[in-house]
Amino acid sequence: MNKLKSTLLSLVAAAAVAGCSDPGSDREMDRFIDGLMKKMTVEEKIGQMNLIAIDGSVMTGPVTESATGEKIVSGEVGALLNVMVPEKIRDLQELVVTKSRLGIPLLFGMDVIHGYNTVFPMPIGLSATWNMASVEEVARISAVEATAQGVNWTFSPMVDLSYDARWGRVAEGAGEDPYLASEIARAYVRGYQGDLSRNDNLLACVKHFALYGAPEAGRDYNLVDMGRMRMYNEYFLPYKAAVEEGAATVMSAFNEVEGVPAAANKWLLDDVLRKQWGFDGFVVSDWDAVREITVHGIGDLKEVSVRALDAGLDMDMASQGFAKTALESLGEGRITEKQIDRACRRVLEAKYKLGLFADPYKYNDLKRLETDILTPEHRAAARRIAAESFVLLKNRENTLPLARKGVVAVVGPFADNRPNQLGSWAFGGDIEAPTTVLEGLREATKGRAEIVYAMGCNITDDPEYERILASWGRALARDKRSDAELMREALAAARRADVVVAVMGEAAEMSGEGASRTELGMPAVQQRLLGELKKLGKPIVLVLFSGRPMTLVEENDKYDAILYAWFPGTEGGPAVADVLFGDAEPGGRLTMSFPRSVGQVPIHYNGRQTGRPAPADGSITRYVSGYVDESHLPLYPFGYGLTYTTFEYGDVILGSAEMSPGGTVEASVEVTNTGSRSGTEVVQLYLRDPVASVTRPLKELKGFEKIRLEPGETKTVTFTIDSGMLEYYDNSLERVLEPGAFDVMIGPNSAETKSATFTLLKQ
Ligand code: NOJ
């Protein structure tokens with residue numbers, strides 16, 4: 001180690017030994033970073049603002065001989081992404097620490113989205129658990145597994161609200177509700193970051209700031225155009241919650257906001273994020289997004305990099321806008337060294353908070369590979385949480401749970417399909433690790449029921465679509481036999497069976513980034529197979545894999561039970577078996593409204609009242625805000641999900657008919673389990689401000705509680721409503737609290753609530 005570096009590294013240790021009140025304190029950090037930055041050249045500072053992917057030779061030979069290695073040694077790189085081999089991460093860290101002039105450790109970023117090696121349900125499924133402890137646990141296990149492999153920064157959570165199921169990335173989000181998504185954002189941040197002094201926590205990155213979930217027509221990366229009142233009251237809230245919870249980094253979105261792409265949007269990154277919300281971490285662009293600002297038509301790479309730096313972007317992912325142009329811009333006086341210092345400092349602060357200066361090899365304990373990955377505990381959590389994410393959409397005459405007897409025909413292209421069980425963004429997930437639904441069902445019925453299996457059809461029979469999906473690299477498990485042959489086999493299996501379990505849906509590649517769809521139904525070939533199975537007159541249970549709400553009107557009419565399993569992850573198969581046989585409950589409730597048809601999209605429960613509302617019962621009539629060919633209501637509303645028992649709600653009882661500003665009112669409801677099995681209910685609280693100075697949502701989720709009830713048991717659930725919950729941003733963006741009546745609605749989902757009203761008094 002050279003002299004300079006040893007001085008720097010010893011600074012931290014010295015501070016601790018000297019008994020400086022708190023070596024981890026901001027003052028200590030400032031002192032350390034001041035000292036370090038004094039020694040840095042401008043080029044080295046710009047290097048900290050550069051996040052790149054490794055070149056191929058890093059993987060094929062010694063890192064020292066790669067182009068990436070050269071850049072690292074010359075101090076041109078602050079962080080790397082997508083290095084998936086732990087030994088390489090260690091080598092690269094060692095390279096920077098021992099061979100670069102100042103030895104500033106690297107950040108290693110990765111899209112750890114729903115688990116790393118142990119893959120959990122897709123985030124939209126995880127959100128359906130309505131269980132913050134489960135979300136936190138998933139983030140925590142993800143952190144343990146990723147850090148065991150050297151990753152110290154995850155590009156998660158994605159908390160972009162979306163009302164549009166065409167947009168493929170709804171799979172990665174937390175649904176349509178600002179309050180629920182905010183709670184989820186907080187839980188992710190807690191789980192990932194926890195106590196950063198440990199070596200099994202990592203930096204979170206809340207994304208994509210902002211409004212990425214509202215692209216026109218559901219087309220990924222498309223124009224977003226939205227009024228600020230909506231931004232502040234809805235779309236901004238989950239990002240803000242993550243920031244309040246201490247998210248160390250924020251990723252800017254690809255899209256523009258009010259005409260300026262997010263990565264260069266000063267209002268967004270400086271005024272809102274830093275000045276209004278007090279964010280003090282660093283902002284990284286999305287992949288290549290700085291260069292893409294040139295494609296948006298805002299200027300050349302130098303110009304857009306100047307604007308991005310001025311806006312408050314601190315690190316460029318992949319396009320190297322700062323690396324290629326900042327020095328020249330500085331020479332031309334278009335940016336200042338102060339601006340560079342500001343960005344560099346924020347990156348260094350994150351590294352300091354991670355403890356990388358004290359121990360750059362903190363995340364390179366290769367022994368952890370043997371103990372911390374895909375452990376039985378992690379797999380057990382994946383199984384439990386998957387079952388908790390499944391939403392029972394339909395259950396005619398208690399078709400489910402199934403008895404373990406007779407013959408069960410298992411059909412469909414997802415029944416025995418490992419890769420598709422993981423969903424998108426499962427880089428660390430071993431394709432061989434998942435236990436499939438077929439395997440899960442076999443294991444669960446051993447010696448008690450007979451399982452007969454036939455794939456029945458491929459995921460799609462559209463050759464063009466298949467070509468596109470296959471080109472993205474994920475095995476489609478295509479069976480080369482003809483459709484007719486596959487169907488014959490499935491029908492023969494079903495004829496022998498007492499019940500048919502059809503595991504169907506959309507491929508992992510049909511949702512996720514860059515995978516918007518114009519149709520939300522099941523692929524035609526699967527529908528045809530179902531139609532033929534139906535003719536046999538056997539009960540049919542549909543288990544659906546998907547990353548988004550699908551349109552299921554016909555399926556809802558025709559089939560006996562529908563269990564929505566999202567992409568359930570490594571232990572999805574056993575979890576499906578647990579739920580089908582009643583060893584676990586289907587625990588999920590929808591976090592996005594399920595449209596009846598694509599034409600209803602975007603659709604969400606918390607819209608605002610129009611002057612011509614459509615009838616509340618969904619009936620069709622003209623000259624109202626609806627359709628002449630379809631109800632305006634969703635097929636399944638936000639918050640919906642059946643259980644294996646039934647619950648009855650009493651009336652909403654208010655503790656007081658009035659609230660003073662700053663005060664509270666308690667709202668209670670008695671919930672009784674009226675069925676014959678124990679069960680868990682998600683009791684949901686919604687509020688409405690029916691008369692205000694601007695139009696307000698028809699309903700807004702403001703609280704929820706998960707309760708477990710034995711048959712016949714009653715519990716009283718009490719929510720405390722405080723006046724803060726009644727505040728909102730008016731059209732001058734003032735946060736206001738307006739006196740008058742407020743409706744309190746409590747129920748099992750957004751469409752079936754009981755209500756009471758109280759009055760907020762004047763000051
Ligand atoms: C692009 C995606 O939009 C973003 O979510 C992801 O983190 C980056 N690529 C890095 O992979």
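All ligand and atom numbering here is 1-based and tracks the order in the structure.
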Test: Glu245 and Arg186 ion pair at under 4.0 Å = yes
What are the atom names and distances for all N or O pairs under 3.5 Å between ligand 1 and the protein?
unit_1	atom_1	unit_2	atom_2	d
ligand 1	3 (O)	Arg169	NH1	2.6
ligand 1	3 (O)	His208	NE2	3.4
ligand 1	3 (O)	Asp286	OD1	3.3
ligand 1	3 (O)	Asp286	OD2	2.6
ligand 1	5 (O)	Arg169	NH2	2.9
ligand 1	5 (O)	Lys207	NZ	2.8
ligand 1	5 (O)	His208	NE2	2.6
ligand 1	7 (O)	Asp111	OD1	2.6
ligand 1	7 (O)	Lys207	NZ	3.1
ligand 1	9 (N)	Asp286	OD1	3.3
ligand 1	11 (O)	Asp111	OD2	2.4

key: Note: Asp111-Lys207 ion pair, threshold 4.0 Å (strictly below)   = yes
query = Considering residues at least two apart in sequence or located in another chain, which fulfil the ring-ring contact (aromatic ring centres under 6.0 Å, His included) criterion with Tyr179?
reply = none
key: Proximity of Tyr363 and Trp153 rings by center, below 6.0 Å   = no
request  = With sequence neighbours left out, write down each residue that passes salt bridge (charged side-chain N to carboxylate O under 4.0 Å, His left out) with Asp314, or none if nothing qualifies.
outcome  = Arg274, Arg346
key: Results of side chain to side chain donor-acceptor pair (under 3.5 Å) for Ser142 - residues two or more places apart only   = none
